[in-house]
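Here the structure comes first, spelled out in C-alpha cells, and everything after it is commentary.
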Amino acid sequence: MASFGALYVVGGARILYSIGIYSGGPAALWSSMLITVIFMIITAASIAEICSSVPLSGSIYIWAAEAGGKKYGRFFGFIVAFWSTTAWTSFVASNTQATTNFMLSELVIFNRSIPGDFDNNNVKFRTIVWICSELFLLLAILSNLMPPNRFSLIFKASALIIFIDFILTVVWLPVGVSKTYGFQDAHFVFKEVYNGTGASSAWNWILSFLSTSGVLTGFDASGHIAEETVNASLYAARGIFWSCVVSGVLAFPLLLLFLFCSPSLDTLFALETPQPFVQIYTLALGRGGQMVMTIVAIVGLFINTSLAITAASRLVFAIARDGILPGSKWIGKVDSKGQPRNAIIFIGIVSGVLLCTILPSTVAFTSLVSAGGVPTIAAYALVPTLRLIFTRGDFADAKWSNGRFSTIFCVISAVWNTFLLTVLFSPYEWPVTAQNFNFSSVIFGAVTIFGIISWWIVPEANWLSRRAIGRVLDVVEGKDGVDSPTSSTTPDVAPQHTHQD
C-alpha cells in the first residue's frame, strides 16, 4: 500500500497530463506512456529482486551499497543516500504545490481575481502559491506526527480515495463530456502533434517522457518501511513490483481516456488556470461537478503527500542512523513511541526550503518534478549497473527472484533510466533564460558533491553501527530476524507500527 499510495496514479496522471501534452501533443503522450509502462515494470522487477535480498529501511541507499560490492559499496551508498533524500523531499514539495494549484484554480472558476492575474510570470501570484504550498506542507507534516494507530487511518483513506477518484474519473467524466463538448476522434488521440516547448520536433516529442516517467516513479516506497513489514523479504519486494504493474496497467488506459475527453488543444491551452483539469471538469460537469472532482483531487494529493512523507522519513531515518547526513545524531533519534519524529521534521524543513524556489522561478513546478525524479531515476539506473559490474549473480537466491531474466532486466533498467536522466536534465522551454532554466541539474550536481564529501569525512568505522551491520548480514545470510519487527534486537530505535504492503 505504501508504494501504490505514494504513486497515486490517477492524481499523478492528471497533474502531469497538461505538461505531457504540451510537449509532443497527444501522439507523443500515449506512445511515450506505453513505452514507460513496459520499461518501468522491468525496472521495478530488478529493484524488487535486490530489495528481497536486503529488505532494510534505507532501501535503495542500502541496495546501492550492497550492489557496489565490498570495495566501492560505501562510496556509492553515500551518494545514493544524498540522492534519495533529495528526491523524496523534492517530491513532497512538488506535491504540495500541485495541491495548491487545484485549490487556486477554484478562484478562476468562480470569477475571483488577484493583482496581475493567475500567471507564473506574476510574482504576486507565485507568492500566493508559495504561502499555500507551505501551509499544505505543514498540515502533511503534522499528520505524520500523529500516534501510529491514528496514522494507520491515512493508509486506509489512501485506498478509499484512489478508488473513489478512479471510479469518478472513468465513469462521471466521460458521461459529462458526452453531454457537453463531445469526445475527440481517433486522429486527435493517436496522431495529433503539438510543440509547446520551442525545442526541435524530435526533442519536443522526447520531452513527453518527463510527464510519463513521473507517473510511475516512486515504486520503491515499500522498501523504505521494510523493517516495519512482516516477512519483508517477500512482501516489500512484492509491493515494489506489483504497485508498479497495477499503476502502469491503470495509467495507460486512463491517459487514453483523458485524451478522448480532452477539449481541443486551442481550448486547452487557453484555459488560464493553475491546473487546467479544473477547467476541463467545469466544461464537462459544470461548476458543481467540478467542485466534487476537485475536492477529491485535493484530498487525494494531500493523502499522497502524507504517505510520501511516511516513506521518506523512514528512508531519512535509516540514512541518519548510519551517520551519513549532517546532523545525523539528531535526525536519527526516535520519540518515546519509536517513531522517527526528527526525520519527519527534517523533511518538512528541507521541503519548505525547496518550495522557496517558487518565488524567483516561473518554471518552479516542472523543475521540482525534475528535481524529485532525477535522483530517483539516477538510483534506478545506478543500482542495476553496479550489479552488472560488481555483484552479478550475487542476489539470485532472493525470495523474489527474476531467475534467468535477472541480468537482462539489469541491462534494460540501466539503459532505460539513463535515457530518462537526459530528459529530466533538459530545459523545458526554448530559448533558455535565467527564469525558465531547469535547475534540477544544478541540484543534482550539488547533492552528488555533498555525498562525496560526506563519504570522505565520515569515518568508515562510523558508517554503520554494529546493529545495522548485523542486520545486513542477517539478511544476506538468510536469517529471519529482519523480517519481523518483534525479533529486532533494538526495539528502542526502530519505528514500531507494522503492516503488510
Side-chain angles (χ1 to χ4, degrees), residues 2 50-51 54-66 68 73-89 141 144-145 148 220-229 232 236 308-350 375 379 447 450-451 453-455 457-476 479 481-498:
I50 192 170
C51 170
V54 194
L56 293 173
S57 292
S59 56
I60 204 161
Y61 130 72
I62 292 290
W63 307 334
E66 286 294 300
R74 180 173 174 270
F75 174 76
F76 289 113
F78 270 62
I79 291 175
V80 173
F82 274 78
W83 286 357
S84 299
T85 301
T86 303
W88 281 91
T89 51
I141 292 294
N144 271 265
L145 297 177
D220 56 301
S222 289
H224 302 335
I225 54 175
E227 289 178 15
E228 304 168 63
T229 304
I309 293 172
T310 302
S313 65
R314 274 57 181 177
L315 170 72
V316 170
F317 162 77
I319 293 172
R321 179 183 63 187
D322 299 338
I324 294 177
L325 297 175
S328 286
K329 187 175 181 180
W330 178 78
I331 298 171
K333 288 183 178 180
V334 295
D335 61 19
S336 59
K337 297 179 181 179
Q339 300 304 301
R341 181 185 183 89
N342 292 353
I344 294 170
I345 295 173
F346 172 78
I347 290 166
I349 293 171
V350 176
V447 168
F450 291 150
I453 293 173
S454 181
W455 165 78
I457 293 176
V458 176
E460 186 171 355
N462 296 343
W463 174 38
L464 291 174
S465 66
R466 290 181 180 273
R467 170 189 54 78
I469 291 176
R471 287 193 169 198
V472 172
L473 291 176
D474 282 348
V475 177
V476 173
K479 297 180 182 179
V482 179
D483 287 343
S484 174
T486 58
S487 66
S488 170
T489 59
T490 55
D492 57 318
V493 295
Q496 300 292 313
H497 61 278
T498 303

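- Without hydrogens or angle criteria, Asp335 side chain to Arg341 main chain gives no donor-acceptor distance under 3.5 Å.
- A 6.0 Å sphere centred on CZ of Phe75 holds more than 12 heavy atoms belonging to other residues, nucleotides or ligands.
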Note to self: Under the criterion side chain to side chain contact (heavy atoms under 4.5 Å, CB included), I'd like the reasoning laid out for Gln339 against Val334: C-alpha separation, chi angles, the key distance, then a yes or no.
What the structure shows: CA-CA 5 Å; Gln339 300 304 301; Val334 295; 5.9 Å; no
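- Looking at residues two or more places apart in sequence or on another chain, you find a side chain to side chain contact (heavy atoms under 4.5 Å, CB included) between Arg74 and Phe78, Trp455, Val458, Glu460, Trp463.
- Atom CG of Leu315 is separated from atom OG1 of Thr310 by 12.5 Å, given to the nearest 0.5 angstrom.
- One finds the CD1 atom of Ile349 at 8.5 Å from the CD1 atom of Ile331 (value rounded to the nearest 0.5 Å).
- Ser84 contributes atom OG, which lies 7.0 Å from atom CG of Asp220 (distance to the nearest 0.5 angstrom).
- Within the 4.5 Å cutoff, the side chain of Ile345 has heavy atoms near those of the Trp330 side chain.
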Next item on the list: Applying side chain to side chain contact (heavy atoms under 4.5 Å, CB included), run through Thr85 and Val350 and close with a yes or a no.
Entry: CA-CA 9 Å; Thr85 301; Val350 176; 6.0 Å; no
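- In this structure, CD1 on Ile309 lies 11.0 Å from CZ on Arg314, to the nearest 0.5 angstrom.
- The nearest pair of heavy atoms linking Asn144 to Ile344 is O-CD1, 3.4 Å.
- The two residues Gly332 and Ala320 make their nearest non-hydrogen contact at N-CB, 3.7 Å.
- Between Phe317 atom CZ and Ser328 atom OG the span is 11.0 Å, to the nearest 0.5 Å.
- For the atom pair Phe346 CZ and Ile141 CD1, the distance stands at 11.5 Å (nearest 0.5 Å).
- Residues that satisfy the side chain to side chain contact (heavy atoms under 4.5 Å, CB included) test with Ala81, not counting sequence neighbours, are Tyr61, Ile319, Ile324.
- The side chain to side chain contact (heavy atoms under 4.5 Å, CB included) test applied to Ala87 returns Pro375, Thr376, not counting sequence neighbours.
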Next item on the list: Kindly determine whether Ile347 and Trp88 satisfy side chain to side chain contact (heavy atoms under 4.5 Å, CB included), including the steps that lead there.
Entry: CA-CA 8 Å; Ile347 290 166; Trp88 281 91; over 6 Å; no
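- Looking at every heavy atom in both residues, Ala379 comes nearest to Val80 through CB-CG1, 4.1 Å.
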